[in-house]
Amino acid sequence: MIRRRTRQRKNQAFEQINITPFTDVLLVLLIIFMIAGSSLVPTGLELRGLAAEGVSVEDASSESVIVWLTVDGDSRVEKDGANLSPDQLSTLPRSTLITLMIAPQTRAEVAVREYDRWIGLGFSRISWGPPAESH
């Protein structure tokens, strides 16, 4: 009889431990860390620099090209004030500075797509110009 009571007391003590709140806290922490971890992933867009407001087309050096990007996503490439054709782009040295001049109402996706296009062409020096109306 004494053994039976001892065994019942041990079982009762174990039955009173409730791990549900502990499990809930662990799941909440897991969700918090998953959300925080996903926000630390780099976006893939690396801004090399933003041209100053005072920089104009006339200030561009001979080793730079200005790309005018419109709201619709159309682009026009200028070097020394003259428009370049797609055939002439292939002759540019890959060290050429590309300045993306973006129209004020251009969506970010359009600008990023244009940036990716120049990266895909092999250019590594890309800067963002201030929003300006293309001419």
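Please read these numbers as outputs of a predicted model, since none were measured by experiment.
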Below 3.5 Å, can you tabulate the donor-acceptor pairs from side chains in residues 20-27 to any protein atom, sequence neighbours excluded?
from : atom 1 : to  : atom 2 : distance (Å)
T20  : OG1    : N18 : OD1    : 3.0
T23  : OG1    : I19 : O      : 2.9

Could you check whether any side-chain heavy atom of L100 comes within less than 4.5 Å of a side-chain heavy atom of W118, counting everything from C-beta outward? yes
Going by salt bridge (Lys or Arg N to Asp or Glu O under 4.0 Å), name the pairs with one or both residues in residues 98-112, residues two or more places apart or in two chains. R107-E109
For P93, all residues meeting side-chain contact (heavy atoms from CB on, under 4.5 Å), sequence neighbours excluded: S95, T96
Pairwise distance CD(Q105) to OG1(T70) - rounded to 0.5 angstrom: 12.5 Å
L69 and A111 have their tightest heavy-atom pair at CD2-CA, 3.7 Å
Between V110 and R113, is there a side-chain heavy-atom distance shorter than 4.5 Å? yes
Nearest heavy-atom contact between G129 and M101 is CA-SD, 3.5 Å
If you measure from CD1 on I66 to OG on S75, what distance do you get to the nearest 0.5 Å? 13.5 Å
Between L121 and R94, the two heavy atoms sitting closest are O-NE, 3.1 Å
Taking ILVMFWY side chains as joined if any heavy atoms are under 4.5 angstrom apart, and letting links pass through other members, which residues group with V71? none
Got K79 and L92 here, is their nearest side-chain heavy-atom distance under 4.5 Å? yes
